[in-house]
Amino acid sequence: MNSSELLRLPLFESQAAEFILDAIRTGLEQRGTFRLGLAGGTTPAAVYAQLALVGKGVSWKTVEFTFGDERCVPPDHAESNFRMAQQTLLANIDASHENVHRIRGELPAESAAREYEALLQHAAARDGETRYRHDLLLLGIGPDGHTASLFPDSPALHEMSRNVIATIGPKPPPQRVTMTFPLINAARRICFLVKDPAKQPVIDEIRRGNLALPAAHVQPANGFLTWLVAA
Ligand code: 6PG
């Protein structure tokens with residue numbers, strides 16, 4: 001059974017960071033590890049910086065980091081989602097290098113996708129799962145209702161077997177690697193981070209179940225969906 005909630009946050013960055021921190025602390029208490037999927041784009045940057053500040057007491061070495069999507073650029077490129085997360089969060093906490101699973105955007109897209117797929121499948125098998133299951137997967141949405149790099153009218157929307165695929169999107173840079181809906185929806189908890197008030201109409205449409213919008217297909221099979229929206 002899945003359920004969804006929308007929380008309006010007057011202090012968006014600090015309240016979103018606290019929400020994420022609470023989930024991490026709870027997960028570590030319950031399972032001793034925590035699988036955190038990071039969103040890309042620009043919205044999460046300030047949230048990640050805040051998370052690094054307030055998360056000083058977290059045993060970050062037991063947190064496994066993945067990326068919901070990546071642009072096909074080198075990791076030091078201005079458009080790299082890894083670079084954004086590295087500068088705001090990962091460089092400012094005591095994360096263990098082997099637990100930060102970067103999508104290698106410097107490779108050809110299909111090679112990077114297959115490498116990431118293998119990595120996640122290995123981690124899932126190690127833990128006796130058929131599909132890698134995030135404890136918390138963070139996502140953004142675009143004005144067109146895309147999420148990760150799952151854009152409207154894309155063949156990527158119909159991938160129901162693989163966890164990670166190469167895709168091309170209208171948002172530059174076009175060549176990308178993205179998690180698919182089967183992997184996204186396997187998460188225990190999914191959290192959309194949305195700050196731009198201009199996205200409220202698309203949030204409303206998504207929550208009304210308009211399946212023409214990719215983010216409306218984010219429906220955790222056995223988990224919770226939370227919208228963290230700036231008030
Ligand atoms: C990407 C992101 C994408 C992003 C949304 C929102 O790589 O571009 O994964 O899905 O989350 O486009 O982006 P902003 O936070 O910049 O509005």
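Both backbone and side-chain heavy atoms feed into the values below; hydrogens, waters and symmetry mates do not. Order of listing sets the numbers, starting from 1, for every ligand and every atom in it.
Heavy-atom separations between D196 and ligand 1 are all 4.0 Å or longer. Residue K195 places every heavy atom at 4.0 Å or more from ligand 1.
Those atoms of ligand 1 with a heavy atom of A148 less than 4.0 angstrom away are 2 (C), 3 (C), 9 (O), 10 (O). Those atoms of ligand 1 that come under 4.0 Å of a heavy atom in I141, given as number and element, are 5 (C), 6 (C). Within ligand 1, counting atoms from 1 as listed, the ones closer than 4.0 Å to a heavy atom of R71 are 1 (C), 7 (O), 8 (O). For ligand 1, the atoms sitting less than 4.0 Å from at least one non-hydrogen atom of H146 are 3 (C), 5 (C), 10 (O), 12 (O), numbered in the order shown with element in parentheses. Interface atoms of ligand 1 facing G140, defined by a heavy-atom separation under 4.0 Å, are 11 (O).
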Determine, step by step, whether F192 and T226 satisfy the side chain to side chain contact (heavy atoms under 4.5 Å, CB included) criterion, reporting the C-alpha distance in whole Å, the side-chain angles of both residues, the deciding distance to 0.1 Å, and the verdict. CA-CA 6 Å; F192 282 110; T226 301; over 6 Å; no
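A salt bridge links K195 with E13; the closest basic N to acidic carboxylate O contact falls under 4.0 Å. Ion pairing of D144 with K171 is absent here, as no side-chain N (NZ or NE/NH1/NH2) approaches a carboxylate O to less than 4.0 Å.
At a cut-off of 3.5 Å, with distance as the only test, a side-chain donor of R207 or S4 sits close to an acceptor on the other residue.
Considering backbone and side-chain N/O atoms, K171 comes within less than 3.5 Å of an N/O atom of ligand 1. The shortest N or O to N or O distance between T147 and ligand 1 is not below 3.5 Å.
Of all protein heavy atoms, the one closest to atom 17 (O) of ligand 1 is K199 NZ, 2.7 Å. With respect to atom 15 (O) of ligand 1, the closest heavy atom belonging to the protein is T43 OG1, 2.6 Å. The protein atom (non-hydrogen) at minimum distance from atom 16 (O) of ligand 1 is T42 OG1, 2.7 Å. The shortest contact between atom 2 (C) of ligand 1 and any protein heavy atom is with D69 OD2, 3.6 Å.
Heavy-atom minimum distance, E110 versus R114: OE2-NE, 2.7 Å. N163 and Q121 make their closest contact through ND2-OE1, 3.0 Å (heavy atoms, listed as atom of the first residue, atom of the second, distance). Closest approach of F67 and A85 over heavy atoms only: CE2-CB, 3.7 Å.
Judged by a 6.0 Å distance limit and a 45° cone about the ring axis, R35 is positioned over the six-membered ring of Y132.
Using cut-offs of 30° and 60° on the angle between ring planes, the pair W60 and F65 is parallel.
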